[in-house]
Amino acid sequence: MSRLLRIDASARLHDSHSREIADYFQARWLQQHPDDEVVVRNLMHNPVPHIEAATITGFYTPASEHDAALQTATALSDQLIEELMSSDILLISTPMYNFSTPSALKAWVDQIVRIGHTFNFDPEKGFTGLVQGKRAVVVTATGAVFSNPAMSAFNFLEPYLRTLLGFLGITDSHFVSIEGTTTDEAAMENSKRTAREDIDHYILGTA
Ligand SMILES: Cc1cc2nc3c(=O)[nH]c(=O)nc-3n(C[C@H](O)[C@H](O)[C@H](O)COP(=O)(O)O)c2cc1C
């Protein structure tokens, strides 16, 4: 049995294209892996707060030296990291907001990217991601059509998430993009159809 951790970032609880395709992924995944467990972190129902000064102090202070205040300041980060590390597959569904990730998702990222826990730094070897042996699937929804080469320079969402996942050690990442949700209905329907086919194919490969 594996565990799928699903992170939903759209501010829209209804009519969200990224959630719709993540729902499709989850349903198909459970068809193929009926004994798997799904843990859902809905960032709208349970928003992750921004890190604070004490959280940062806690990140750079060994746990053995944490007083009660630092334990409290890092408790949510501990929990979110445990959720991530105990999962086998990470499913992120996210819109593009202003060329990049919604702040709700960035707040989660800022809690889980933590030295000594999810990455390490060595002056000689550089950075090492500690989130190993996992795969990630990322569903993005964008109003514009970024497969249009004229638009690609504006897409800081997918390159950012690819870099972030790789930095953490998740090298097996798969992106599914829903495009044109506010500008081009035909492109949107086409990308949804392609996304479903792509997901079917991806999930068959995990049998
Ligand atoms: C605050 C905000 C900012 C947005 N910024 C962009 C943007 O920079 N580029 C873009 O293509 N679409 C942008 N959009 C459109 C969304 O990416 C699009 O509506 C997407 O489908 C939202 O995801 P959802 O359907 O899962 O809610 C923006 C939407 C909102 C609400």
Side-chain angles (χ1 to χ4, degrees), residues 3-19 22 38-87 89-121 127-132 134 136-143 146 154-170 173 175 177-178 181-182:
R3 180 179 291 168
L4 185 151
L5 172 62
R6 172 173 171 178
I7 310 286
D8 286 326
S10 173
R12 298 197 295 185
L13 294 171
H14 304 287
D15 303 323
S16 156
H17 303 288
S18 56
R19 285 175 195 270
V38 178
V39 174
V40 179
R41 189 159 277 275
N42 181 331
L43 297 177
M44 288 306 113
H45 284 149
N46 286 306
V48 170
H50 290 156
I51 52 168
E52 296 177 350
T55 323
I56 298 169
T57 304
F59 282 4
Y60 290 99
T61 305
S64 56
E65 295 170 25
H66 278 192
D67 59 14
L70 290 187
Q71 273 172 16
T72 302
T74 52
L76 178 61
S77 169
D78 290 342
Q79 185 192 343
L80 296 174
I81 289 173
E82 160 60 21
E83 217 166 68
L84 175 63
M85 296 307 245
S86 63
S87 69
I89 173 160
L90 173 66
L91 170 63
I92 297 176
S93 76
T94 181
M96 174 185 284
Y97 287 165
N98 300 309
F99 312 111
S100 184
T101 61
S103 57
L105 181 58
K106 185 59 166 51
W108 177 82
V109 168
D110 290 343
Q111 296 276 2
I112 60 107
V113 179
R114 183 167 162 194
I115 194 155
H117 291 253
T118 52
F119 75 95
N120 263 337
F121 177 71
F127 291 101
T128 312
L130 302 179
V131 191
Q132 305 215 344
K134 305 182 193 309
V137 174
V138 181
V139 178
T140 63
T142 60
F146 287 91
F154 295 89
N155 187 353
F156 293 89
L157 176 63
E158 185 170 325
Y160 169 69
L161 290 174
R162 271 188 200 284
T163 301
L164 174 80
L165 293 170
F167 176 79
L168 291 172
I170 305 178
S173 60
F175 280 71
S177 52
I178 310 305
T181 64
T182 56

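For the single chain, residues carry numbers from 1 onward in sequence order.
- The shortest side-chain heavy-atom distance between Val109 and Thr101 does not fall under the 4.5 Å cut-off.
- Between the side chain of Ser87 and the backbone N or O of Leu90, no donor-acceptor pair lies under 3.5 Å.
- The side chain to side chain contact (heavy atoms under 4.5 Å, CB included) test applied to Phe119 returns Val113, Ile115, Phe127, Phe167, not counting sequence neighbours.
- Within the 4.5 Å cutoff, side-chain heavy atoms of Pro102 are placed close to those of Pro95.
- At least one donor-acceptor pair under 3.5 Å links the side chain of His66 to the backbone N or O of Thr61.
- In this structure, the separation between NZ on Lys134 and CG on Leu168 is 11.0 Å, given to the nearest 0.5 Å.
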side-chain contact (heavy atoms from CB on, under 4.5 Å) between Arg12 and His17: does it pass, once the steps are laid out? CA-CA 9 Å; Arg12 298 197 295 185; His17 303 288; 3.6 Å; yes
Assess whether side-chain contact (heavy atoms from CB on, under 4.5 Å) is satisfied between Met85 and Leu5, documenting all intermediate values. CA-CA 10 Å; Met85 296 307 245; Leu5 172 62; over 6 Å; no
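- Residue-environment remark: CG (Asp15) stays at or below the threshold of 12 foreign heavy atoms within 6.0 Å.
- Among all heavy-atom pairs drawn from Leu91 and Ala22, the shortest one is CD2-O, 3.9 Å.
- Looking at heavy atoms from C-beta onward, Lys106 lies out of side-chain contact with Tyr97 at the 4.5 angstrom threshold.
- Between Pro49 and Ala107, the closest heavy-atom pair is O-CB, 4.2 Å.
- In this structure, Phe146 and Met96 have side chains that are in contact, with non-hydrogen atoms separated by less than 4.5 Å.
- Counting heavy atoms from C-beta outward, Thr94 and Ser18 have side chains that stay 4.5 Å or more apart.
- Taking CG from Asn120 and CG from Leu130, the interatomic distance works out to 4.5 Å, rounded to the nearest 0.5 Å.
- Counting all heavy atoms, side chain and backbone alike, Ala11 lies closest to Met44 at CA-SD, 3.5 Å.
- Heavy-atom minimum distance, Gly143 versus Thr182: CA-OG1, 3.1 Å.
- Across all their heavy atoms, Leu70 and Gly58 have their closest contact at CD2-N, 3.9 Å.
- In this structure, Asn98 CG and Leu157 CG are separated by 11.5 Å, a value rounded to the nearest 0.5 Å.
- Judged as a side-chain hydrogen bond (donor to acceptor under 3.5 Å, both in side chains), the pairs with a partner in residues 45-57 (not counting sequence neighbours) are, in order, Asn42-His45.
- Side-chain contact between Arg19 and Arg6 is present, with at least one heavy-atom pair separated by less than 4.5 Å.
- Going from atom CD of Glu158 over to atom OG1 of Thr140 covers 5.5 Å, rounded to the nearest 0.5 Å.
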Just do the side-chain contact (heavy atoms from CB on, under 4.5 Å) check on Asn155 and Thr142 with the steps written out, would you? CA-CA 9 Å; Asn155 187 353; Thr142 60; 5.7 Å; no
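- Across all non-hydrogen atoms, the minimal contact from Ala104 to Leu43 is O-CD1, 3.5 Å.
- Atom-to-atom distance recorded for Ile51:CD1 and Thr74:OG1 is 12.0 Å, nearest 0.5 angstrom.
- At a cut-off of 3.5 Å, with distance as the only test, a side-chain donor of Asp8 or Ser93 sits close to an acceptor on the other residue.
- Under the 3.5 Å distance criterion, the side-chain polar atoms of Thr118 are matched with a main-chain donor or acceptor of Ile112.
- Atom OH of Tyr60 has 12 or fewer heavy atoms from other residues, nucleotides or ligands within 6.0 Å.
- In this structure, Leu165 CG and Tyr160 OH are separated by 9.5 Å, a value rounded to the nearest 0.5 Å.
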